Undergrad: 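Structure below; questions to follow.
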Amino acid sequence: MKLPPHNRVWLAPAGGNHFENLGRVVALRRKPLSVMADSETFVKMLIAASRLQYLCFFVDEDGEDVGYFVFGYLSRQSELLLVRDASSSIDSFQLNEGTSLWMIDFSIEPHRLKFALGELAAMLATQAEQRLRFRRVKNGRLIYRNYDATKLKKLSSKFLAHTWRCHCGGICKPERGA
């Protein structure tokens, strides 16, 4: 199946002004910062991630931001807290405490997810720590995942199988009710 270029994304380091990067993230978030339980902690964490160069943006073929990825290297103690307590969160100082690679925050346009996962798999293959961990809380339930580059590539292929053909001939976001 040939994939159209307008869904392709590339992972690019944030660089530049940390507050400008914060603005780029806020513009891409699916939920506004005002609905977050602790937006001050989130802002501090984002600025720290930008300073540490742990913030990357997904850009399209026109160089436009279409998503972002925040990661950190956590200590075993921080990891255990995240895995065991759904109400826990990461403070800015914890981003660079250890060697365990974690996805801290991630957002991408849904129809570009397959490509974003492929980019993350390629990035992961270049890291000394070749496992990417993340957790999220859904309906009060804690979900923890641990992926290596091979699993991420398989996951990106799985998403491709669940996409829809668009009127433009490409693979795009399905319309509601389709």
Side-chain angles (χ1 to χ4, degrees), residues 1-16 20-31 42 45-46 48-50 52-74 79 82-83 90 95-96 98-138 142-176 178:
M1 172 186 297
K2 186 174 182 198
L3 299 172
H6 66 274
N7 284 333
R8 184 82 172 97
V9 297
W10 293 267
L11 196 57
E20 186 179 300
N21 289 335
L22 176 63
R24 291 168 69 187
V25 168
V26 169
L28 292 166
R29 282 191 64 78
R30 294 182 177 264
K31 295 178 185 174
F42 181 76
M45 184 273 303
L46 272 177
S50 180
L52 291 165
Q53 298 180 347
Y54 291 173
L55 168 64
C56 296
F57 288 95
F58 293 101
V59 295
D60 64 12
E61 66 277 359
D62 296 323
E64 298 293 321
D65 295 336
V66 294
Y68 67 91
F69 170 61
V70 178
F71 62 97
Y73 292 93
L74 305 186
E79 259 191 324
L82 282 179
V83 172
I90 293 295
L95 286 175
N96 200 24
T99 58
S100 185
L101 180 60
W102 276 74
M103 178 187 302
I104 306 300
D105 199 19
F106 173 81
S107 181
I108 189 74
E109 294 174 350
H111 61 285
R112 298 179 190 267
L113 182 59
K114 178 249 190 276
F115 295 104
L117 292 174
E119 285 292 303
L120 290 177
M123 184 270 300
L124 190 57
T126 68
Q127 302 294 310
E129 167 66 39
Q130 295 197 343
R131 300 201 74 69
L132 177 65
R133 298 152 186 89
F134 74 95
R135 69 103 197 227
R136 66 183 183 136
V137 179
K138 185 175 183 179
L142 188 61
I143 300 168
Y144 167 74
R145 297 287 185 262
N146 185 343
Y147 292 112
D148 61 15
T150 305
K151 282 174 93 174
L152 270 177
K153 281 186 179 182
K154 285 180 184 175
L155 189 60
S156 75
S157 297
K158 183 178 172 183
F159 276 103
L160 179 59
H162 296 341
T163 54
W164 297 56
R165 278 275 168 205
C166 174
H167 67 281
C168 71
I171 297 175
C172 298
K173 182 179 177 181
E175 294 181 20
R176 294 198 182 265

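Nothing here was measured: the structure is a model prediction, and the numbers come from that model. Along the sequence shown, residues carry numbers from 1.
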Undergrad: For F69 and F71, take the angle between the two ring planes, folded into 0 to 90°, and tell me which bin it lands in: parallel under 30, tilted 30 to 60, perpendicular over 60.
TA: parallel

Undergrad: With rounding to the nearest 0.5 Å, note down the distance linking CD in Q53 to CG in N21.
TA: 10.5 Å

Undergrad: Using the ring-ring contact (aromatic ring centres under 6.0 Å, His included) criterion, which residues pair with F106? Sequence neighbours excluded.
TA: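 Testing F106 for ring-ring contact (aromatic ring centres under 6.0 Å, His included), a comparison that skips the adjacent residues, returns F58.
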
Undergrad: Do you know the tightest heavy-atom contact between R24 and A14?
TA: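 Scanning both residues completely, I find the closest heavy atoms to be NH1-O, 3.9 Å.
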
Undergrad: Working to the nearest 0.5 angstrom, can you tell me the gap between D65 CG and S107 OG?
TA: 11.0 Å

Undergrad: Quick one: closest heavy-atom pair of R131 and N146, and the distance?
TA: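 Closest approach of R131 to N146: NE-OD1, 2.9 Å.
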
Undergrad: With sequence neighbours left out, what residues match E64 under side chain to side chain contact (heavy atoms under 4.5 Å, CB included)?
TA: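 E64: side chain to side chain contact (heavy atoms under 4.5 Å, CB included) contacts with D60, D62.
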
Undergrad: In Å, rounded to the nearest 0.5 Å, how long is the span from CD of E79 to CZ of R133?
TA: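 CZ of R133 is found 5.0 Å from CD of E79.
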
Undergrad: Going by atom types alone, do Y54 and N96 pair a side-chain donor with an acceptor below 3.5 Å?
TA: yes

Undergrad: Nearest 0.5 angstrom please: I108 CD1 to K114 NZ, how far?
TA: 13.0 Å

Undergrad: Side-chain contact test, heavy atoms from C-beta onward, threshold under 4.5 Å: evaluate it for L142 versus R135 and give yes or no.
TA: yes

Undergrad: Do L46 and V70 have side chains that get closer than 4.5 Å, going by heavy atoms?
TA: yes

Undergrad: Roughly how far apart are E119 CD and R112 CZ, rounded to 0.5 Å?
TA: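 Going from the CD atom of E119 to the CZ atom of R112 covers 12.0 Å.
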
Undergrad: Show, in sequence, the C-alpha distance, side-chain angles and deciding distance for F134 and Y144, and conclude whether the side-chain contact (heavy atoms from CB on, under 4.5 Å) test is met.
TA: CA-CA 6 Å; F134 74 95; Y144 167 74; over 6 Å; no

Undergrad: Is the shortest side-chain heavy-atom distance between Y73 and T99 below 4.5 Å?
TA: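 Of all side-chain heavy-atom pairs linking T99 with Y73, none is under 4.5 Å.
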
Undergrad: Distance from W102 atom CH2 to L95 atom CG, nearest 0.5 Å?
TA: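 CG of L95 is found 13.0 Å from CH2 of W102.
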
Undergrad: side-chain contact (heavy atoms from CB on, under 4.5 Å) for E109 and L28? Distances and angles first, verdict last.
TA: CA-CA 9 Å; E109 294 174 350; L28 292 166; over 6 Å; no

